[in-house]
Amino acid sequence: MVNRRSVIGAAVLGGGVIAIGGMATRQFIGGQGAASVRATSGRSLLIPPLYSGERENGIRVFDLKLQRGVSQFLEGVQTPTIGINQSYLGPTLEMYAGETVRMNVSSDLSETATVHWHGFHLPARADGGPHQPIAPGSTWSPSFVVKQRASMFWYHSHAHRRSGPQVYQGLAGAIYVRDDESERLDLPNDYGVDDIPLIVQDRAFNRDGSFAYSTSMRDVMMGMMGDTLLVNGIVDPVFEARSDLLRIRLLNGSNARFYRFGFDDGRPFMQIGSDGGLFEQPYRTNNVVLAPGERAQIVVDLSDGRPTILRADSLETMGMMGMMGGGMGNRGMRDSGDRMGGSGGRREGMMDERRRFTVLNIRPAAQRRQAIVMPSRLIALAPVEPETAIKTRRFMLQMGMGMNMMRGGGFTINGKSMDMQRIDETVKVNTTEIWQIENASMMAHPFHIHDVQFRVLDRDGRQPGPQDRGLKDTVVVAPREVVRVLLRFEEYTDSELPYMYHCHILEHEDAGMMGQFLVKA
Ligand code: C2O
Ligand code: CU
Ligand code: CU
């Protein structure tokens with residue numbers, strides 16, 4: 001396959017200079033032609049530089065520097081931001097299954113940060129959670145073997161009680177894990193050309209251009225949301241597609257907002273994967289719902305030559321709205337599944353549409369590469385065998401209101417708020433378990449578990465929808481819903497250092513909706 005990476009810099013980044021496969025030094029947001037939030041910008045989509053590290057004695061080494069910067073998202077104003085090797089967000093890290101990587105993460109920030117490898121199976125000491133703080137001026141250098149299947153993962157701040165504000169300012173980036181099995185498939189696979197990552201984040205701005213991050217009770221309860229959508233750090237970006245089939249890797253990197261993605265002309269697309277890998281078979285649909293932390297890979301056919309717009313409808317938990325209106329009813333929330341005529345289905349019933357964003361304006365170029373034929377089989381996944389589970393653990397998500405919340409006891413799992421000194425669960429290595437997650441609150445929560453990729457077994461006892469198939473590390477639990485997932489804990493025992501499980505609405509995580517588990521011998 002032709003390697004077109006060398007043209008990315010000029011063609012996609014509009015003349016910006018990036019180092020392919022090396023340390024990226026370019027500022028993520030260039031000075032040229034800033035977008036106005038109100039006018040359609042017509043600004044080209046920025047593709048985060050692809051960074052493959054350097055090979056040192058058979059190890060792939062990445063040098064990542066957390067730094068402060070200034071970015072221009074809106075016309076006429078500058079926004080103080082945090083980035084990794086650049087001013088906002090970070091490069092896309094490219095690595096291969098089976099190899100050993102070392103991450104040299106140094107920090108020029110003025111507060112303690114961490115960098116967590118979301119979705120990775122690795123030793124707890126390399127996880128990058130709150131137990132691996134990176135103090136200002138110091139360097140953290142974890143090393144681990146890439147055990148993942150090919151997919152898009154991500155890295156982001158997981159600082160104790162500070163994940164929300166740090167991610168909001170930009171401390172996040174994408175990771176492409178590649179493996180032989182998926183590289184052999186005839187899928188669009190040229191980074192930045194016919195395979196593009198889209199990091200979707202909503203942001204609120206102050207008049208002076210700074211991010212308006214708030215920890216008011218409302219913003220903690222609902223999670224911090226904004227009225228402007230940034231896609232790879234650009235407002236209303238345009239992408240010129242030079243292939244008939246375009247593979248888009250969507251990451252909901254927002255702190256709290258849920259989206260339903262789809263094209264404005266309703267055109268169908270194939271969803272080929274979710275969080276932790278490809279599906280066994282592509283799934284034809286016209287929409288995909290992602291909660292914070294979740295990913296999806298889609299392939300869309302542009303061979304009709306017509307421009308199209310990828311949009312995101314914001315979804316609001318209906319229970320939350322009901323509660324705001326004084327009623328505690330959960331009308332409709334559990335009646336998911338069939339409303340959309342079987343497409344996507346799983347979460348439609350529990351949320352209301354609220355706001356519509358433009359994610360990407362796609363303009364097919366006159367000269368395009370011809371469509372390849374989508375494979376009908378992608379990969380083989382091991383069958384799910386719930387019988388092998390040795391136990392079921394229950395997790396009850398709760399949001400205490402009123403005084404309870406003010407006292408800090410608001411956001412809990414099994415009645416407990418996160419405590420760094422407390423181990424909540426201890427799991428035996430090389431065993432399979434069922435985790436049953438129950439949502440006793442009036443709001444949907446994306447439940448994320450470190451160290452593992454799991455399979456969704458059922459929702460309220462019913463078969464999960466098509467988009468719940470495949471390997472997941474984050475699963476939405478609707479109000480009053482009970483979701484069961486099957487997970488296997490392999491190797492990497494540690495008698496002291498835990499992994500986390502938590503709600504991926506970052507304000508909920510920071511407020512305590514998180515627990516810790518050990519994997520022991
Ligand atoms: Cu993406 Cu514990 O986080
Ligand atoms: Cu994670
Ligand atoms: Cu939550």
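Excluded from the calculations below are hydrogen atoms, water molecules and symmetry mates; all remaining heavy atoms, backbone and side chain alike, are included. Fair warning: this is a prediction, and the values are worked out from it, not measured in the lab. Each ligand, and each atom within it, is numbered from 1 in the order the structure gives.
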F395 and W435 aromatic ring geometry - parallel, tilted or perpendicular at 30°/60° bounds: tilted
Whether N414 side chain and R394 backbone form a donor-acceptor pair below 3.5 Å: yes
R60 side, atom CZ; E94 side, atom CD - distance, nearest 0.5 Å: 6.5 Å
H504, N/O/S atom nearest atom 1 (Cu) of ligand 1: NE2
Minimum-distance N/O/S atom that H118 presents toward atom 1 (Cu) of ligand 1: ND1
Residue H508, metal the Cu ion (ligand 3), N/O/S under 2.8 Å: yes
N/O/S atom name from H445 that is nearest to the position of the Cu ion (ligand 3): ND1
Of all N/O/S atoms in H502, the name of the one nearest atom 2 (Cu) of ligand 1: NE2
Polar side chain donor-acceptor pair, H504 to E294, under 3.5 angstrom: no
Side-chain donor-acceptor contact under 3.5 Å, Q516 with D424: no
Atom 1 (Cu) of ligand 1 to nearest N/O/S of H158 below 2.8 Å: no
Backbone or side-chain N/O/S of H116 under 2.8 Å of atom 1 (Cu) of ligand 1: no
Charged N-O contact under 4.0 Å between D473 and R295: yes
